[in-house]
Protein chains: 4
Amino acid sequence: MINGENLVPAPIRWGMVGGGRGSQIGYIHRSAALRDGVFTLVAGAFDLDAERGRAFGTGIGVAAERCYADYQAMFAAEAQRPDGLQAVSIATPNGTHFAICKAALEAGLHVVCEKPLCFTTAEAEELRELAEAKRRVVGVTYGYAGHQLIEQAREMIAAGELGEIRIVQMQFAHGFHNEAVEAANPATKWRVDPKMAGPSYVLGDIGTHPLYLSEVMLPQLKIRRLMCSRQSFVKSRAPLEDNAFTLMEYDSGAVGCVWSCAVNAGSMHGQKIRVIGSKASLEWWDERPNQMSFEVQGKPLQVLERGMGYLHPHALADDRIGGGHPEGLFEAWSNLYVRYARAMVASDRGDTAALAALHYPGIDAGVEGVRWVEHCVRSADAGAVWVDYA
Amino acid sequence: MINGENLVPAPIRWGMVGGGRGSQIGYIHRSAALRDGVFTLVAGAFDLDAERGRAFGTGIGVAAERCYADYQAMFAAEAQRPDGLQAVSIATPNGTHFAICKAALEAGLHVVCEKPLCFTTAEAEELRELAEAKRRVVGVTYGYAGHQLIEQAREMIAAGELGEIRIVQMQFAHGFHNEAVEAANPATKWRVDPKMAGPSYVLGDIGTHPLYLSEVMLPQLKIRRLMCSRQSFVKSRAPLEDNAFTLMEYDSGAVGCVWSCAVNAGSMHGQKIRVIGSKASLEWWDERPNQMSFEVQGKPLQVLERGMGYLHPHALADDRIGGGHPEGLFEAWSNLYVRYARAMVASDRGDTAALAALHYPGIDAGVEGVRWVEHCVRSADAGAVWVDYA
Amino acid sequence: MINGENLVPAPIRWGMVGGGRGSQIGYIHRSAALRDGVFTLVAGAFDLDAERGRAFGTGIGVAAERCYADYQAMFAAEAQRPDGLQAVSIATPNGTHFAICKAALEAGLHVVCEKPLCFTTAEAEELRELAEAKRRVVGVTYGYAGHQLIEQAREMIAAGELGEIRIVQMQFAHGFHNEAVEAANPATKWRVDPKMAGPSYVLGDIGTHPLYLSEVMLPQLKIRRLMCSRQSFVKSRAPLEDNAFTLMEYDSGAVGCVWSCAVNAGSMHGQKIRVIGSKASLEWWDERPNQMSFEVQGKPLQVLERGMGYLHPHALADDRIGGGHPEGLFEAWSNLYVRYARAMVASDRGDTAALAALHYPGIDAGVEGVRWVEHCVRSADAGAVWVDYA
Amino acid sequence: MINGENLVPAPIRWGMVGGGRGSQIGYIHRSAALRDGVFTLVAGAFDLDAERGRAFGTGIGVAAERCYADYQAMFAAEAQRPDGLQAVSIATPNGTHFAICKAALEAGLHVVCEKPLCFTTAEAEELRELAEAKRRVVGVTYGYAGHQLIEQAREMIAAGELGEIRIVQMQFAHGFHNEAVEAANPATKWRVDPKMAGPSYVLGDIGTHPLYLSEVMLPQLKIRRLMCSRQSFVKSRAPLEDNAFTLMEYDSGAVGCVWSCAVNAGSMHGQKIRVIGSKASLEWWDERPNQMSFEVQGKPLQVLERGMGYLHPHALADDRIGGGHPEGLFEAWSNLYVRYARAMVASDRGDTAALAALHYPGIDAGVEGVRWVEHCVRSADAGAVWVDYA
Ligand SMILES: NC(=O)c1ccc[n+]([C@@H]2O[C@H](COP(=O)([O-])OP(=O)(O)OC[C@H]3O[C@@H](n4cnc5c(N)ncnc54)[C@H](O)[C@@H]3O)[C@@H](O)[C@H]2O)c1
Ligand SMILES: NC(=O)c1ccc[n+]([C@@H]2O[C@H](COP(=O)([O-])OP(=O)(O)OC[C@H]3O[C@@H](n4cnc5c(N)ncnc54)[C@H](O)[C@@H]3O)[C@@H](O)[C@H]2O)c1
Ligand SMILES: NC(=O)c1ccc[n+]([C@@H]2O[C@H](COP(=O)([O-])OP(=O)(O)OC[C@H]3O[C@@H](n4cnc5c(N)ncnc54)[C@H](O)[C@@H]3O)[C@@H](O)[C@H]2O)c1
Ligand SMILES: NC(=O)c1ccc[n+]([C@@H]2O[C@H](COP(=O)([O-])OP(=O)(O)OC[C@H]3O[C@@H](n4cnc5c(N)ncnc54)[C@H](O)[C@@H]3O)[C@@H](O)[C@H]2O)c1
């Protein structure tokens, strides 16, 4: 149970780039980072519009002089302060991640970066090398990955409760963009502009989420080859897709499928993962995150509930309230930020054992997401052919 | 509302090949055919084992002398009787369908044949030509297609309530054969033996069911090309697959996906179809057949219930009881058999208008199923490549 | 598995009173009785309107001369025939049950009578004595009681899997009569007319259904006292209620609650029963009859599926198709009619052991339903006070 | 959308009594109060054990000298500080609420008090008078009442979308105490001890939660009389009940039912409310708090989703993230604490208009809960008879 006590020796001094007033994802970064006293918000370059960014920053309690016009100014000024930033979160549009992340690492900061980390595997590898050289933590916010039932799935699979893994069915398929809503909405507009969004829309924007869940649950799986078919049902989005099917063959002989879709009319998020083994299956859905189906062939379906004593200790450790009450995206993000904080502390004191014991979506997850999108796009653009995974 | 009155001028004299004691599918053929007085069971060659077939036939009320040792004997003897067979249902393993169906048509009988109709498109076309020449009805039992909510979906789509169709997600994915259960069970054994099952296992055995639902709901869709990836997770089943993913591109620009699976551990039938249009989606699941989700983007999800006054008249015509009570596979089959009977009567009196007004899974559905499996297998065996659909 | 073979030595010659064209419940009686060859329909007085009754009867295959103008004529004429009626089903409005049932028993017929059996416990006891004297079977059609999962619940409770029983929550709460629909509908009109409906509307019409399920599942429970509060939300229905709550205390210390409602706006049938024991609970709902929740405190919820090998043999015996396909009201009724037929055969040959081994809603269930309604009404009319159960 | 900006002019200086290490409910008070900068935690008497309380307080960032040994010391010392407490939350066992709440009000503090407010209506009225005299806000934490879909229900009912209200079905029925778990668990032990728990267990502990939801949704309903039947299935709990049924008649002619239960084996929380009107029904369940069923008789069931544009503006105002992601108990509590803060600010500046425009569970809700339990107990102890509500 997390009760807020003693999670880190002292709150980490933290700032944000982006995530300003009206942004989609800024609030949850703050809510997650600040919830349990693991971070304290001391600075920010919250907005492209410096004035608005400052007004916003002071409105949430940041000192006016630490609300900066841009990230360059922030990194430079904070480096001069004895109480300067130790870590920064980047919650800006995709096209800016690489440059900001690189600058932050060079400034010696720990980083939490939004997905996708960048646009090419080459860039991603460059960031990884830089992070390693600087011994800095990079977290990537695949948010639901912090949910306790994902931990439960990971442990059950590791314990062999599903048997040999055969099929992984994944989807993130919402309907909110069934029409060209981006015409009227700047926060959506950049998502379908290759310059700012990168080489894909739904593959990178949402498909990588369940993909990462599969990486957490099934760390041993390696993709051998994949094929991807993508469509732009709203024509103006081409070349970026609003629907894609990706089939994958793993080294082990297992197969996987990811359905990424923003035109699934009428559906809410529809992020689901089903892992099918030779003996049993597990299924989890982000809209009912506190329940997970466990189906052993020949036995009644079981519904595992978060917070219950029959779960693995690792799936109980991060509870904030008893079973039967929903813990969802906010708590999952809070869990990730606690792990990020712990990793940063461990890294600062060079405690590699502690670092190794923590698992969270970090730089490797960031690299893998970029690599996967790259392969999907390569396949799709060649006519939905199989491409070897490297 | 069907109340059993006056559905046909007189019950059609009907017999069965196969479907004997212990068979999986025999009972539902009889239950469906006999329920509302549209057929009367007068003869049968129910079993490979003639003795057991006769014992069984008399046990369900067929005269001993009309329980035949084999279908050849039955067709020959019945042709001599003034009160001889008018129609026959074929419920034997796949490998026998072509020969029996051909013999029945040549004997001038109407036929209801189990799926798959046969093994190759060439054979299927031959049966179609023969049926046309003989002016005989051939029904193929894609059973759930008779359910009233399928009719509702067909009408709503035709009326444009979903907008332009973009994506069709289909699956029939059960877990009953996650292990080599066929080792101990003769009724399952033939299903994984290419000689008796044909060129595929799950594609033909179950994948064709939701495929046919899509044909009913979306009669205008034409497959342009497809690709199929198939696996034999239970090794002894190779070359027949126990799992397959099929991706399809339609002429209209829409795309489709069929997941056929017999190793989906812990799942019951899992036959589902979701049709996604530019405005709304419909979703139907065979295990909760009386409810269909209708999701208009930007509106609350709606659950349509069978039997309710807000449904299309065609979706109410076949009700046997008010809404709120389940009507399922048995009623859906009964509906099909009523339509088969009506088609036979119309055909007998040469009423082509009446014939055209009826829709049911007939010879064309049979041919299409075989053609689809053929293409899937061709694709899969070439390494899961795209093949043009012809 | 029921496959229709040899369920009874020969079909029982059977007729109907009521259940004619347009009636709500006639079709399911015939569908159930005739499905597996246990009865054969030879005569009927199907309708108050003799002409319409005859037209209907011949339309479903009854000889014209055996379509009678009224039940008196039918019982008299059939008694003269060597191939005359052996059993009759009564599917007429409530107010006629007592007289018709009495006449049928006096004519030496086995009876299947709709609920409520009659209006007073005194009448009900009279019928019971008559049935015993005549050694005739009387079935009462609490239809869902024939569903296999009800059997499963009965067996699990008997085996102690729930522990000591504490609470029984029951409801039958639909919304179809939220307005005065009876104004326009004769089949509903008599239901709210005390002369034809009896002393209650929803208590007798629907509340007795889940009550009987509790009697099947918990044969040992005896009501000690009860209190009932009833309302007529559609004013014109007074003194008959369209909503009622009944609380019950059982001899064992357990308590029960029945919610009977016809004004539960927007709800379909909502017949549910939840049995709560000291260790676990079972819950069953008539709209998803193939699934039953089994909740052991401290363990994951389990969903039991009809047709699966882990069920009790008694819950598998009446299957007509494998698990995963719905069996619902129609199959449950068919199961009851098979048991009625077996009871009639056993009774005819004086086989009291066979009779004792069969359980089905019979004359005792009929008497109990009437008694319960009587007590509820007495309580409600005295101001919703507790009344001792006798 | 709440993004944390400018909710109150400055964070309110806030402390806690109780809610220390290992307590059930302390964390959510802090998480809710501190989330959006509306309160700042400056002091506490967190624990009966002063040492442990201090260790805990400093562990979550409270200055050591403001971690007090008891609430008397805290109120006295803080009153002397220029930066002293402005508000306090009381999260101690029931039996202490009256004294602590009284002392806090007398010390001139705003109060957030756990339910039940106290043990008798007389005490509750005394607190109400004191709060009014001191012009202090008293909040009572019926936590789920802060959920946005409760607001939606309130608005839909006020707008007449359900028609005239007829029936209110409520329950809070969990299974966690099916055995005498209190034997081993101090935090549960006091709950079944009348000295610390008060005159009831489940009625006050959980039954008052859905009761308050009904007060929010249906502010016009007045109870005319009620009857309550209560049981102690775990014998050692007598005279306190672990199960109770309460029936209520309202002035308007509507009726209500509350099922309060801690022995509902296998169930999680099961807090549900269903409001049935002459035209439609609404149903909400705390375990799936982001979905609410809206059932109009004669139309398909609709599922309303939190966060969607079709909801009432009042039901969208408190969103923290878009629809499709769960917001649950934590967000509901945060919403309440924001409203408490706004009420405190309004009260401090004597802004009665602003106060009147806010609705939240306050002193009146506290009084009503106590009054309801008192009547239930009076009824139950007299043999489950009807008692007039005064
Ligand atoms: N992890 C998730 O679940 C999730 C969900 C939504 C969005 N995202 C990701 O978060 C990122 C932001 O998305 P969003 O939806 O919040 O975008 P948004 O357009 O709503 O907000 C972007 C914010 O960044 C600010 N900004 C832009 N450029 C900036 C710069 N150079 N310096 C400082 N501020 C700048 C904008 O002013 C705005 O406040 C994207 O990469 C997106 O993919 C992740
Ligand atoms: N439409 C559906 O939903 C559905 C479902 C299950 C099976 N099927 C199909 O039904 C067919 C039968 O399947 P099943 O599962 O009932 O098989 P099964 O093996 O259980 O039974 C086959 C029956 O046919 C008899 N038989 C075999 N060869 C015969 C012959 N030459 N002459 C007479 N009788 C013969 C056998 O004795 C046995 O009674 C298959 O084609 C299968 O694909 C369809
Ligand atoms: N078991 C159940 O689940 C269930 C469900 C619905 C109805 N019922 C019961 O079935 C009975 C009939 O209900 P219904 O809804 O079908 O009624 P209905 O009004 O729809 O039909 C009644 C039928 O009985 C005929 N009839 C009336 N009086 C007759 C008489 N004296 N002789 C011959 N025929 C006569 C009418 O012509 C009509 O065909 C009622 O007792 C009702 O409570 C039971
Ligand atoms: N609103 C809700 O949903 C909800 C849920 C659970 C509990 N509650 C209520 O919250 C209250 C506390 O319940 P709990 O389950 O957290 O209890 P608990 O026994 O788990 O914790 C009580 C805490 O109060 C402290 N305490 C006790 N007496 C104290 C005193 N005199 N001074 C200072 N600290 C003291 C204890 O040391 C402990 O830390 C109860 O009134 C209960 O009814 C409400």
Side-chain angles (χ1 to χ4, degrees), chain C residues 162-167 169 171 173-179 181 225 227-235 242-245 247-249 253-257 259 261 263-268 274-283 293-302 383-386, chain D residues 162-167 169 171 173-179 181 225 227-235 242-245 247-249 253-257 259 261 263-268 274-283 293-302 383-386:
Chain C
L162 273 62
E164 181 193 345
I165 301 309
R166 292 172 168 176
I167 306 170
Q169 281 280 31
Q171 64 165 73
H174 67 74
F176 290 108
H177 297 169
N178 71 318
E179 293 177 358
V181 291
R225 61 172 199 158
M227 69 84 67
C228 175
S229 163
R230 64 173 178 165
Q231 293 77 39
S232 311
F233 283 112
V234 174
K235 298 277 173 295
D242 47 24
N243 185 67
F245 294 105
L247 296 185
M248 296 177 288
E249 295 176 5
V255 294
C257 184
W259 178 32
C261 184
V263 298
N264 183 17
S267 178
M268 304 302 287
R274 179 174 180 90
V275 180
I276 302 168
S278 53
K279 295 195 290 197
S281 301
L282 278 176
E283 185 164 331
S293 295
F294 177 44
E295 301 170 59
V296 182
Q297 182 57 37
K299 304 261 188 214
L301 174 149
Q302 294 180 53
V385 300
W386 289 92
Chain D
L162 274 61
E164 183 192 343
I165 301 309
R166 290 172 168 175
I167 306 169
Q169 281 279 33
Q171 64 165 73
H174 68 74
F176 291 108
H177 298 168
N178 71 319
E179 293 177 357
V181 290
R225 59 172 200 158
M227 70 84 68
C228 175
S229 163
R230 63 173 180 167
Q231 293 78 38
S232 310
F233 284 113
V234 174
K235 298 278 173 293
D242 48 24
N243 185 66
F245 293 105
L247 295 185
M248 296 177 287
E249 295 176 5
V255 294
C257 184
W259 178 32
C261 184
V263 296
N264 183 18
S267 178
M268 304 301 287
R274 179 175 181 90
V275 181
I276 302 169
S278 52
K279 296 195 291 197
S281 302
L282 278 175
E283 186 163 330
S293 295
F294 178 42
E295 301 170 60
V296 182
Q297 182 57 37
K299 305 261 187 215
L301 174 150
Q302 295 179 51
V385 300
W386 289 91

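Bear in mind the structure is a predicted one, so any value in this text is a computation, not a measurement. Below, read A as the first sequence line, B as the second, and so on, with proteins coming before strands; counting in each chain starts at 1.
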**OP:** Side chain from CB out, backbone as N, CA, C, O: work out which of these in C:S267 comes under 4.5 Å of a heavy atom of chain D, or both, or neither.
**Re:** both
Original post:
Who pairs with C:R166 by salt bridge (Lys or Arg N to Asp or Glu O under 4.0 Å), at least two apart in sequence or on another chain?
Top reply: none
**OP:** Quick one: pull up CE in C:M248 and CH2 in C:W386 and give me the separation to the nearest 0.5 Å.
**Re:** 9.5 Å
Subject >> Segment of D:L301 engaging chain C (4.5 angstrom heavy-atom cut-off) >> reply: neither
Subject >> Under the side chain to side chain donor-acceptor pair (under 3.5 Å) test, residues paired with D:E249 that sit two or more places apart >> reply: D:R224, D:R225
Original post:
Does any heavy atom of chain D fall under 4.5 Å from the side chain of C:I276, the backbone, both, or neither of them?
Top reply: side chain
**OP:** Name the member of D:Q231, D:M268, D:R274 that forms the most heavy-atom pairs with chain C at distances under 4.5 Å.
**Re:** D:R274
Original post:
Does D:H177 offer a backbone N or O that forms a donor-acceptor pair with the side chain of D:D242 under 3.5 Å?
Top reply: no
Subject >> C:F176 versus chain D, the contacting section by heavy-atom distance below 4.5 Å >> reply: both
**OP:** Look at the side chain of D:S278 and the backbone N and O of D:E164, then say whether any donor-acceptor pair between them is shorter than 3.5 Å.
**Re:** yes
Original post:
In terms of heavy-atom pairs under 4.5 Å, which option from C:N243, C:V263, C:N264 contacts chain D the most?
Top reply: C:N264
Subject >> chain D contact via C:M227 - side chain, backbone, both or neither, heavy atoms under 4.5 Å >> reply: side chain
Subject >> Polar side-chain atom of D:Q297 near backbone of C:G266 as donor-acceptor pair, under 3.5 Å >> reply: yes
Subject >> Contact winner vs chain D - C:K299, C:E283, C:Q169, heavy-atom pairs under 4.5 Å >> reply: C:Q169
